[in-house]
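Let me begin by presenting the structure, written as structure tokens, before commenting on it.
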Amino acid sequence: MNDLSNPPAVPSVILRSDYRAPDWLVPEIALDFALSLDATRVRADLTVARNPAGQAGAPLRLNGDGIAARTVLVDGKSHNDWEMDGHDLVIALPADAHVVTIETALNPVANTQLSGLYASSGMLCTQCEAEGFRRITFFPDRPDVLSVYTVRMSGSAADFPVLLSNGNPVAQGTGPGGTHWAQWFDPWPKPSYLFALVAGDLVATRDSFTTRSGRKVDLAIYVRAGDESRTGHAMRSLIASMAWDEQVYGREYDLDLFNIVAVSDFNAGAMENKGLNVFNTRYILADPETATDGDYDAVEGVVAHEYFHNWSGNRVTCRDWFQLSLKEGFTVLRDQQFSADRGSAPVKRIEDVRVLRAAQFPEDSGPLAHPIRPDSYQEISNFYTATVYNKGAEVIRMMTVLAGPERFRAGTDLYFDRHDGEAATCEDFVRAIEDGTGLDLAQFRRWYEQAGTPRVDVALAHASDTVTLTLRQTVPSTPGQPDKLPMVIPLRTALFDRATGTHGGEHLLVLTETEQSFTFTGFAQAPVLSINRGFSAPVAIANPTTNDDLVFLAAHDDDPFARYEAMQQLVVQHLVAAVKGELTEADRTAGRAAIVGAFHAVLTDLALDDLMRGELVILPGEGYLAEQIAQVDPVAIRNEREALKGWLGAALRDEWIALHDRTSAVPFSLDAEARGARKLKTQALVYLAPADPAEAAARAKAQYDAADNMTDRQGALMVLCGLDRPERGAALADFQTRFAGNMLVIDKWFSLQAGSLHRDVIGQVRALANHADFTLTNPNRVRSLYMAFAANLGAFHAADGSGYRIIGDLIATLDPINGSIAARFVPSLGRWRKIEPARAALMRAELERIAALPGLSRDVREQVSKSLEG
Ligand code: B3K
Ligand code: ZN
């Protein structure tokens, strides 16, 4: 009857079209945990009721994963009419409402998957999204079953002085044998994925926030003793988020308590459990000595993101996991808007687009491409992707472009109002935006259906005083979607007068057909086109433009993103032609001269602030460049890009040195000016390094030694890591000793070496994998070494395949420990179709080797098989 060895009854492919309402609802659940690190007992009392919308007479199906029911009671009596169906427990029930009681036993320290209830440095914590709750107790573990939770927990008062769960604490006391207990009650019905429990020896930093209707909310951030001094930035970010969501979206917090706990061992960045957010320490802890400016921004963004989920995710949740972008895309947009309001909006936009291009565009053009609302999955954990998150945010951002901010707000007000307390769909969201804004989004819905990055080809013709702009869109075929229909593509556009450097107003061109022409009159001369300003649509624009026009836009465009984009295009056009062998010597000279001229203008333009200047001098990334070329040789990209950097370093040597001197004199502060100076300080070294390694190493060492903050220190060490100079070893050794024991900083030490430009990264990564501080059981540490390596195209794509072998071995060894993290490394190998044939064969062979391994996790199996399929 109770047979865990049965094959799972779960079908291998889950289809969106198969959705059926649940047969049973669970309006209430009471959980009682007897906590211990290696033997926790869980009793769950489920108040179940037949769902009138479900299938009449259906039994109660409760999902489980790797757990056994020690007791099954129905209405307090033992009940024999149940069976295991794979991992699910199926109970036949006579009436329409019952109380079902189930006891399970768990071993948290043995839970290396970090899903469900697990141990992290002596504390206990949970991660339930997406399907972790079923590793704790049997339950209809699907987001459309919402329950009111009462949670009681007891355990050793010495080991677990702090006992937390969702909602509000309602009772506590002491028990026998040095134990104590606490009871929590969360009045808001929620799906099981939002359940959380934390027990451990933690210290809290406290503050409070009074909502606009006068509710005083107690705020606490729990960390391990010693880390309290690094919670200030997270707390300030939380308070700012709470105020911002009231002002910008009219959303108020709804409990008396908001707790955050920081955990060192965590698969994701953070988790929005109702009233009890659990965070990766990486997105909570920050002080100037140990966190870079980028880390500060990441803490602010993730704290805001999780807080914003309280409405976009928790109050309105997802009907099923195909709707994930309903909460994630929208919440990413909200956190991006918040960060834009907190700092420099143009710089934030540039950073967000850089992330989209680096992480999402490759997804969209590879074997794992999927729409922001997928149609099928095997393992949902594989769908927490840049497509669902970042492209999902871009799709909703386009609605803001089409509607304008006020009408968009009317749409979101209607959405929250209409679906509060419900498990909703992406379709519900789109309809609410339509009803609230008056937009017709019928064709726009294709953004939810079609995968692939649309490409827009641009042609501009000028005759007498008329300009004709012809735009042609193509949406590439993607796995399972060979034919695509035209999308709605909103393009903010301006036509610049070459003589004055100005334009007569921006146009919003909305492309809806495969090909459309737009005409403009009053142009005696052909204008310079600025298109997709602000990156108003997540598309690739194909608009071959002369170097002169790009230099013009880089200097004159009044849209800061467009200015950045012109700089990027100038370099992309040059490097892509160089890698393809299409540059004549004359082209190369002319291209370099144009790029040097544009850089010189940026370095000397007094109207620019340093934060923006720092963006404009960042070269397009290797991954983004690789995207532009079919069957690319990634090492050729590395070499051409480095050669250009060396050229810029030499041609502008005096400017870089002056810049390094100027910025080095700016004292540390967290204001924009000082941050801009720090960004440029390291950029100057980045360009000097290939041009004059001795000078760069000396300056980097001086920057390292003088550093009173992690931005300068990490920047200097990054540059040194790429150089074969004596200063390299000395700085690495100092860094390791100085920050010994600080896990987050030692992660940086691993990343900087694995991601460096040094010629022997492969040898270094192999050595680091055997370093005493390396472990496969901590996801941050695994990512710090191997994600940095897999993103280091020049090293990962070593011609002999040794880089692929390193990642293949990692996947094989990590999979039994933590399958969902192991699966994250498959896409780097899965891109073989875009790589030149010799390397592609080696990448494919590595995937085939993994595919042949017995007992692969569903996570890795799905990613590997999709990567190998035609
Ligand atoms: N919702 C969580 C993601 C959980 C990941 C589960 N594999 C974090 C976030 O997006 O806010
Ligand atoms: Zn999220």
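Worth saying up front: this structure is predicted, and the values here are computed from it rather than measured. Each ligand, and each atom within it, is numbered from 1 in the order the structure gives.
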Closest to atom 6 (C) of ligand 1 among protein heavy atoms sits Glu129 O, 3.2 Å
Protein contact to atom 3 (C) of ligand 1 [nearest heavy atom, distance to 0.1 Å]: Tyr389 OH, 3.5 Å
May I ask you to decide if the ring planes of [X] and [Y] are parallel, tilted or perpendicular, using 30° and 60° as cut-offs?
X      : Y      : result
Phe330 : Tyr415 : perpendicular
Tyr253 : Phe258 : perpendicular
Tyr377 : Phe383 : tilted
Tyr384 : Trp321 : tilted

Numbered atoms of ligand 1 (with element) below 4.0 Å of [X], judged on heavy atoms:
X      : value
Lys327 : 1 (N)
His309 : 9 (C), 10 (O), 11 (O)
Glu272 : 1 (N), 2 (C), 8 (C), 9 (C), 11 (O)

Would you indicate whether the side-chain heavy atoms of Gln323 and Glu328 approach each other to under 4.5 Å? no
What do you reckon, does Glu306 have a nitrogen or oxygen under 3.5 Å from a nitrogen or oxygen of ligand 1? yes
Any N/O pair Ser381/ligand 1 closer than 3.5 Å: no
Closest heavy-atom contact between [X] and [Y]?
X      : Y      : answer
Arg334 : Ser312 : NE-OG, 3.0 Å
Arg783 : Phe825 : CA-CZ, 4.5 Å
Val263 : Ser120 : CG1-OG, 3.5 Å

Just give me the atom name: the N, O or S atom of His309 closest to the Zn ion (ligand 2). NE2
Name, closest N/O/S atom of His305 to the Zn ion (ligand 2): NE2
Please work out, at 4.0 Å between heavy atoms, whether the side chain, the backbone, both, or neither of Ala270 comes within that distance of ligand 1. backbone
Any N/O/S atom of Glu328 sitting less than 2.8 Å from the Zn ion (ligand 2), backbone or side chain? yes
